[in-house]
Every structure is written in structure tokens, then in C-alpha cells.
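Structure record follows, encoded as C-alpha cells.
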Amino acid sequence: MKRLMSILFAILVLGGTAMGQRLLPMQRGLEITGGVPLQKQGIFKDGNFTVGMDMVRYIRGYNYYHYGVSYSQQAYHYVGLNLPVRNYLADGGFMFHLVSDPGKNILVYAGAYATLGYEEVNDGQKLLPDGARLNARNRFIYGGGAQLSLEGFITDHLLLFAKVRGHFLGGTDLDLFRPSTVLGIRIIM
């Protein structure tokens with residue numbers, strides 16, 4: 001009887017498939033992102049881009065906290081000129097798990113975050129070549145945002161994601177709402 005129980009236990013344990021340890025509380029990850037701001041003039045124009053790096057910490061229920069830094073550059077058009085605007089931002093927030101497949105391979109998240117940073121307009125030059133004076137100025141900016149994320153595991157420690165996010169920025173002389181799309185890779189440690 002003892003031998004039969006041992007054989008049945010071995011069949012049950014060794015016969016099944018082993019699943020990876022994913023999305024465990026206290027697990028950390030490093031994100032590297034790249035994307036483009038969404039503008040009226042078009043998505044991939046004038047060298048507009050955004051890059052960033054975030055740290056992620058999972059908590060219960062497959063949710064996670066994130067915090068990191070990002071840099072974005074976009075051009076605003078004025079009478080044939082492209083005026084560069086650069087943002088250096090630090091943000092942190094919470095992502096809430098919405099839905100996933102049973103194996104937790106594809107996940108959808110929604111979340112919010114707070115932002116603090118610095119905005120540089122036209123390299124600090126106030127006077128434009130046609131003699132006009134630029135009212136927008138370099139300054140510290142603050143605010144928050146919302147994002148929606150689609151994430152997919154490639155391996156147990158590597159996943160790819162796509163995010164749609166929108167910054168609501170105060171303290172700026174330019175657009176208060178700045179949407180963007182971001183693609184990235186996360187390495188789970």
C-alpha cells in the first residue's frame with residue numbers, strides 16, 4: 001500500500017506540467033520603453049519621440065507599483081519653424097489588473113500616476129527669427145496621468161508591453177493634455 005501511494009504521488013507530481021513563478025508579490029522588474037507622442041500633425045514626424053526607464057514591484061492580485069524617469073521631445077509648428085520642446089519627467093503610480101488569460105500569459109492593466117519634471121521650450125530662446133517673441137518658457141511642471149497597458153510574457157522573466165498613456169500637466173504654457181503610445185520590454189528579476 002505504501003509503495004502504491006508513492007507511485008501515485010510520483011505520477012501526480014512528475015506527470016503534470018510545471019508552471020513558472022510569475023507575478024508573485026515582492027517580485028521586481030526593470031522596464032525600458034520607447035514611444036511617440038500623439039499630435040495633430042502626425043505620429044512619426046519631426047523627430048518626436050519618448051524614452052524611459054521604470055522599476056516595477058508586484059503586489060497581491062497581480063497589481064503592481066511603478067516609478068521611473070522619462071525623456072520626451074516633440075516639435076511645435078510656427079510659421080514654417082519647428083520649435084523643440086523637451087520634457088524631463090519622473091513619475092510613479094499604480095497599475096490595476098483588469099483581465100488576463102488563465103495561464104497569465106496576456107494581461108491587461110489600467111492605472112494612474114503622478115508626474116514631476118522640467119520642460120525646456122525652444123532651447124530657452126525667447127526671440128524667433130521673424131522677430132516674434134515666444135511666451136512659453138522653461139519651467140518646472142507637475143501633474144498626473146492615466147494609462148492602459150497590454151502585456152504579454154515571452155518567458156517567465158521577460159515580457160513585452162504596449163501602453164497608451166496621457167499626461168495631464170500643470171505649470172506649462174503649452175498643451176495641458178499630452179497623449180502618447182509606448183512600447184517596451186520588462187525584465188523580471
Side-chain angles (χ1 to χ4, degrees), residues 12-40 43-44 48-74 86-119 140-172 175-189:
L12 288 175
V13 171
L14 299 176
T17 59
M19 299 298 286
Q21 299 295 312
R22 296 181 180 173
L23 309 169
L24 297 175
M26 307 307 274
Q27 223 173 14
R28 295 173 190 257
L30 173 68
E31 287 183 356
I32 299 170
T33 62
V36 291
L38 301 175
Q39 291 186 318
K40 296 174 200 165
I43 295 176
F44 298 105
N48 298 340
F49 69 93
T50 180
V51 294
M53 188 165 43
D54 282 356
M55 290 298 295
V56 169
R57 185 172 184 178
Y58 287 96
I59 57 175
R60 283 189 262 188
Y62 313 121
N63 304 320
Y64 64 85
Y65 293 109
H66 66 92
Y67 53 93
V69 294
S70 65
Y71 169 80
S72 69
Q73 176 178 306
Q74 56 189 12
R86 296 177 183 91
N87 291 321
Y88 308 90
L89 301 173
D91 56 38
F94 178 76
M95 294 296 283
F96 180 74
H97 173 253
L98 294 177
V99 67
S100 63
D101 68 334
K104 302 293 184 256
N105 294 314
I106 307 286
L107 303 107
V108 177
Y109 287 91
Y113 56 91
T115 300
L116 182 64
Y118 188 74
E119 181 173 74
F140 286 98
I141 54 178
Y142 55 89
Q147 62 186 348
L148 185 64
S149 174
L150 174 65
E151 304 179 1
F153 275 94
I154 302 301
T155 68
D156 287 335
H157 295 287
L158 183 68
L159 69 96
L160 300 176
F161 59 85
K163 293 182 182 182
V164 177
R165 56 192 316 185
H167 281 90
F168 298 94
L169 297 175
T172 181
D175 298 329
L176 297 177
F177 177 66
R178 298 184 193 169
S180 64
T181 59
V182 176
L183 299 175
I185 187 168
R186 181 180 307 145
I187 302 164
I188 306 293
M189 298 178 225

(message) Rounded to the nearest 0.5 Å, what separates atom CZ in Arg57 from atom CD in Gln27?
(response) 11.5 Å
(request) Go through the side-chain N and O atoms of Thr172 and Arg178 and say whether any donor and acceptor fall under 3.5 Å apart. (result) yes
(message) To the nearest 0.5 Å, what is the distance between OH on Tyr118 and CG on Leu89?
(response) 13.0 Å
(request) Write down the atom of Ala162, the atom of Leu183, and the distance for their closest heavy-atom approach. (result) CB-CD2, 3.6 Å
(request) Before giving the answer on side chain to side chain contact (heavy atoms under 4.5 Å, CB included), spell out for Asn105 and Arg22 the whole-Å C-alpha distance, their side-chain angles and the decisive distance to 0.1 Å. (result) CA-CA 9 Å; Asn105 294 314; Arg22 296 181 180 173; 2.5 Å; yes
(message) Distance check, rounded to the nearest 0.5 Å: His66 atom NE2 versus Tyr113 atom OH?
(response) 8.0 Å
(request) For the residue pair Tyr71 and Tyr88, categorise the inter-ring angle as parallel (less than 30°), tilted (30 to 60°) or perpendicular (more than 60°). (result) tilted
(message) Around atom CZ of Phe49, are there more than 12 heavy atoms from other residues, nucleotides or ligands closer than 6.0 Å?
(response) yes
(message) side chain to side chain contact (heavy atoms under 4.5 Å, CB included) for Ile185 and Leu158? Distances and angles first, verdict last.
(response) CA-CA 7 Å; Ile185 187 168; Leu158 183 68; 3.4 Å; yes
(message) Tell me if a side-chain donor or acceptor on Tyr109 pairs with a main-chain N or O of Tyr62 at a distance below 3.5 Å.
(response) yes
(request) Check Tyr67 against Arg28 and note the closest heavy-atom contact, atom names and distance. (result) OH-NH1, 4.3 Å
(request) For the pair Asn63 (side chain) and His97 (backbone), establish whether a donor and an acceptor sit closer than 3.5 Å, ignoring hydrogens and angles. (result) yes
(request) Find the distance between CE (Met95) and CD1 (Ile59) and round it off to the nearest 0.5 Å. (result) 12.0 Å
(request) Drop me the distance from Asp91's CG to Asp54's CG, to the nearest 0.5 angstrom. (result) 6.0 Å
(request) Give the intermediate values and the outcome of side chain to side chain contact (heavy atoms under 4.5 Å, CB included) for residues Leu148 and Leu98. (result) CA-CA 10 Å; Leu148 185 64; Leu98 294 177; 4.1 Å; yes
(message) If you count heavy atoms of other groups shown closer than 6.0 angstrom to CE of Met26, is the number above 12?
(response) no
(request) State whether the number of non-hydrogen atoms from other residues, nucleotides or ligands found under 6.0 Å of Phe161 atom CZ is greater than 12. (result) yes
(request) Might you work through the side-chain hydrogen bond (donor to acceptor under 3.5 Å, both in side chains) test for Thr33 and Glu31, ending with a clear yes or no? (result) CA-CA 6 Å; Thr33 62; Glu31 287 183 356; over 6 Å; no
(request) Answer yes or no: does atom OH of Tyr142 have more than 12 heavy-atom neighbours from other residues, nucleotides or ligands under 6.0 Å? (result) no
(request) Determine the sole option in Ile106, Leu23, Leu107 for which the side chain to side chain contact (heavy atoms under 4.5 Å, CB included) test with Ser100 is passed. (result) Leu107
(request) Indicate the atoms forming the closest heavy-atom contact of Ser180 with Pro37, along with that distance. (result) CB-CA, 3.8 Å
(request) Flag yes if more than 12 heavy atoms outside Phe140 fall under 6.0 Å of its CZ atom; otherwise flag no. (result) no
(message) Using only atom types and a distance under 3.5 Å, with no angle test, would you say the side chain of His167 pairs donor to acceptor with the backbone of Gly145?
(response) no
(message) Distance check, rounded to the nearest 0.5 Å: Lys163 atom NZ versus Glu151 atom CD?
(response) 6.5 Å
(request) List the steps and the verdict of side chain to side chain contact (heavy atoms under 4.5 Å, CB included) for Arg186 and Leu30. (result) CA-CA 5 Å; Arg186 181 180 307 145; Leu30 173 68; over 6 Å; no
